[in-house]
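Scroll down for the structure; my scribbles are underneath it.
Here, residue 1 is the first one in the sequence, and each next residue gets the next number. What you see is a predicted model, and the numbers here were worked out from it, not measured in a lab.
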Amino acid sequence: MTPHMLTRSLDRGAAIFLAVVAACGILIPLSNLLLPSDSFLQVPTYLVALWGKYVCYAILALSIDLIWGYCGILSLGHGAFFALGGYAMGMYLMRQIGARGVYGNPVLPDFMVFLNYSKLPWTWYGFDMFWFAALMVLLVPGLLAFCFGWLAFRSRVTGVYLSIITQAMTYALLLAFFRNDFGFGGNNGLTDFKDILGFNVQAEGTRAALFALSCLALIFSFLICRSVVSSKLGKVLIAIRDAESRSRFLGYRVESYKLFVFTLSACMAGVAGALYVPQVGIINPSEFAPGNSIEAVIWVAVGGRGTLIGAALGAIVVNYAKTFFTSGVLAPYWLFMLGALFILVTLLLPKGIVGTFNAWRDQSKEKRSASATASAAAEDAITEPKMAE
């Protein structure tokens, strides 16, 4: 991915989006750390963590839009890749607790001592090192997506059948991680984190740094997606989305293209989960719930499928609405409101917020262009000299 490719893939809207994300990633942490608590412009620490969670959701929405909006792969199991990345980071954070846990065991996490584990399971080896955990954040979701995609795409499973299989996959992982003997904390999951890279995970400076890092990851993820969809690879992906059988007839290895973009998307979701866990402070099997994956698809649909910017915007808008409406008398009705929102967007704004805006802008440009052409033609007709009789 060269600088020329990145520059060529950015339009005005993308540049504005990146500028806004970069500004938020700089100004919000500085406001939290430098301004006094009684200042109107000071952002409280809890809001920094909350908005950091929204940014992680935006990265997850980007990963779904990459495969659904540009390749036609509707995955209802991307929450599994998000959760696996979160568990990889959570395991590293648990190993950093050491003897400061409730039971004071320097090697075994508290839940393992409580469940009478005699030694650390082999699946936890290496997670006391950050570089290993960071590698697993990418490798575990990516490897699962590669194996799943190779089997599904090779069998030419598409459409609703693929969506059902991805949902079955995440539900199977949900049941597995709920088991106490699986070695990942069972129903309670992983929590009570202390440090990350030697810094107190609860400190204001650490939370501000995590927010800035999440914004940087969102920018980097967006650039990767834009470079993919703006390249020849992106044109092939769109062709597969619109006419898969015709693309295969023309000689393209459709399964290879699908497998690549599906694996890349899973790695992005894993990074989002890894950044999510230290800011939220817990990871448990509920993150594997199929409803979470379906909700993420709704974010993309609300913002605008196939726009990237709309996917990120939809994740932030819907989750902000969720935070607002679940904190009052409307809390029991949030799921009904979310379903109604999805239905209304499907009926009234089938292209989503950003997609509808782009369509309206293109129509306005076409009308102005047609009007200018008609005016020029009229002027030419008026100024054209008459032929002598």
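For Tyr57 and Trp299, the ring centers are positioned less than 6.0 Å apart. If you look at Phe288 and Phe82, their ring centroids are not closer than 6.0 Å. You'll find the ring centres of Phe262 and Phe153 inside the 6.0 Å limit. Residues Tyr92 and Phe127 keep their aromatic ring centres 6.0 Å or farther apart. With ring centers used as reference points, Phe132 lies 6.0 Å or more from Tyr125.
In this structure, a donor-acceptor pair under 3.5 Å is present between the side chains of Asn32 and Thr45. In this structure, a donor-acceptor pair under 3.5 Å is present between the side chains of Thr323 and Tyr54. If you check the side chains of Glu287 and Tyr276, you find a donor sitting under 3.5 Å from an acceptor.
Side-chain atoms of Thr206 do not come within 3.5 Å of backbone N or O of Gln202 as any donor-acceptor pair. Looking only at distances, no side-chain donor or acceptor of Ser247 sits under 3.5 Å from a matching main-chain atom of Tyr252. For Thr170 (side chain) and Gly79 (main-chain N/O), no donor-acceptor pair under 3.5 Å exists by modelled atom type. Using modelled atom types, no side-chain atom of Ser39 and backbone atom of Leu35 make a donor-acceptor pair closer than 3.5 Å. Formation of a donor-acceptor pair under 3.5 Å by the Thr191 side chain with backbone atoms of Ile282 is not found in this model. Checked by atom type and distance alone, the side chain of Asp65 never pairs as donor or acceptor with a backbone atom of Ala61 at under 3.5 Å. In terms of modelled atom types and a separation under 3.5 Å, the side chain of Thr307 and the main chain of Gly304 share a donor-acceptor contact. Side chain of Tyr103 to main chain of Asp110: no donor-acceptor pair is present (N/O by atom type, distance under 3.5 Å, no hydrogens or angles). Within the 3.5 Å criterion, the main-chain N or O of Ala99 finds no donor-acceptor partner in the side chain of Asn105.
Minimum interatomic distance between Ala217 and Ile59 (heavy atoms only, all atoms of both residues): CB-CD1, 3.8 Å. Counting all heavy atoms, side chain and backbone alike, Ala49 lies closest to Gln279 at CB-O, 4.0 Å. Listed here is the closest heavy atom pair of Leu62 and Cys225: O-SG, 4.3 Å. Closest non-hydrogen pair, Val354 versus Gly310, comes out as CG2-CA, 3.4 Å. Between Ala312 and Phe17, the shortest heavy-atom distance links the atoms CB-CZ, 3.9 Å. Heavy-atom minimum distance, Ser265 versus His78: OG-NE2, 2.6 Å.
Put simply, Phe220 and Val20 are part of two different groups of oily side chains (I, L, V, M, F, W, Y) that touch within less than 4.5 Å, one to the next. Hydrophobic clustering (side-chain heavy atoms under 4.5 Å, transitive across Ile, Leu, Val, Met, Phe, Trp, Tyr) groups Trp51 together with Val201. Note on Leu216 and Phe130: same hydrophobic cluster, where clusters join Ile, Leu, Val, Met, Phe, Trp and Tyr whose side-chain heavy atoms are under 4.5 Å apart, directly or indirectly. Under a hydrophobic-cluster definition in which Ile, Leu, Val, Met, Phe, Trp and Tyr are linked whenever side-chain heavy atoms come within less than 4.5 Å, directly or via other members, Leu27 and Leu50 are assigned to different clusters. Under the 4.5 Å side-chain heavy-atom criterion for ILVMFWY residues, a single connected hydrophobic cluster contains both Trp131 and Leu197.
Taking 4.5 Å as the limit, some side-chain heavy atom of Leu18 sits within range of a side-chain heavy atom of Leu223. The side-chain heavy atoms of Asn284 and Asn188, taken from C-beta on, include no pair separated by under 4.5 Å. Side-chain contact between Val271 and Ser63 is absent, with no heavy atoms from C-beta onward closer than 4.5 Å. Looking at Phe81 and Phe148, their side chains never come closer than 4.5 Å, going by heavy atoms from C-beta outward. Between Leu66 and Val261, the closest side-chain pair of non-hydrogen atoms falls below 4.5 Å. With a 4.5 Å cut-off on side-chain heavy atoms, Tyr87 and Pro285 count as touching. The closest side-chain heavy-atom distance from Met129 to Arg95 is not below 4.5 Å. In this structure the side chain of Gln167 reaches within 4.5 angstrom of the side chain of Ile294, judged on heavy atoms.
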> Run the side-chain contact (heavy atoms from CB on, under 4.5 Å) check on Lys235 and Val229 step by step: do they pass?
Replying inline: CA-CA 7 Å; Lys235 302 300 186 292; Val229 302; over 6 Å; no
>> For Glu244 and Lys258: C-alpha separation, side-chain torsions, deciding distance, then whether salt bridge (Lys or Arg N to Asp or Glu O under 4.0 Å) applies.
In response: CA-CA 11 Å; Glu244 180 175 336; Lys258 282 186 170 183; 2.9 Å; yes
>> Lys194 vs Asn200, test: side-chain contact (heavy atoms from CB on, under 4.5 Å). Steps then yes/no.
In response: CA-CA 6 Å; Lys194 307 294 185 183; Asn200 183 0; 5.9 Å; no
>> With side-chain contact (heavy atoms from CB on, under 4.5 Å) as the criterion, how do Val228 and Leu237 come out once you've worked through the C-alpha distance, each side chain's angles and the decisive distance to 0.1 Å?
In response: CA-CA 9 Å; Val228 168; Leu237 294 178; 4.1 Å; yes
> Yes or no on side-chain contact (heavy atoms from CB on, under 4.5 Å) for Leu264 and Ile224, after CA distance, side-chain angles and deciding distance?
Replying inline: CA-CA 10 Å; Leu264 175 62; Ile224 291 177; 4.1 Å; yes
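Within a 6.0 Å radius of CZ in Arg100, more than 12 heavy atoms belonging to other residues, nucleotides or ligands are found. Residue Phe178 qualifies as enclosed at atom CZ: its count of foreign heavy atoms under 6.0 Å is above 12. Dense packing is recorded around CZ of Arg248, with more than 12 heavy atoms of other residues, nucleotides or ligands lying under 6.0 Å away. Environment of OH in Tyr171: sparse, with no more than 12 heavy atoms of neighbouring residues, nucleotides or ligands closer than 6.0 Å. Phe199 CZ: 12 or fewer foreign heavy atoms inside a 6.0 Å radius.
Summarising the geometry, atom CH2 belonging to Trp150 is positioned 10.0 Å from atom CG belonging to Leu259; distances are rounded to the nearest 0.5 Å. Considering OG of Ser293 and CG of Leu76, their distance stands at 7.0 Å, rounded to 0.5 Å. A distance of 9.5 Å separates CG in Leu47 from CD in Gln42, rounded to the nearest 0.5 Å. How far CG of Leu33 is from CD1 of Ile28: 12.0 Å, rounded to the nearest 0.5 Å. One finds the OG atom of Ser245 at 10.0 Å from the CZ atom of Arg156 (value rounded to the nearest 0.5 Å). The CG atom of Leu143 sits 12.0 Å away from the CG atom of Leu138 when rounded to the nearest 0.5 Å.
Phe111 and Trp124 have tilted rings, their planes meeting at an angle from 30° to 60° on a 0 to 90° scale.
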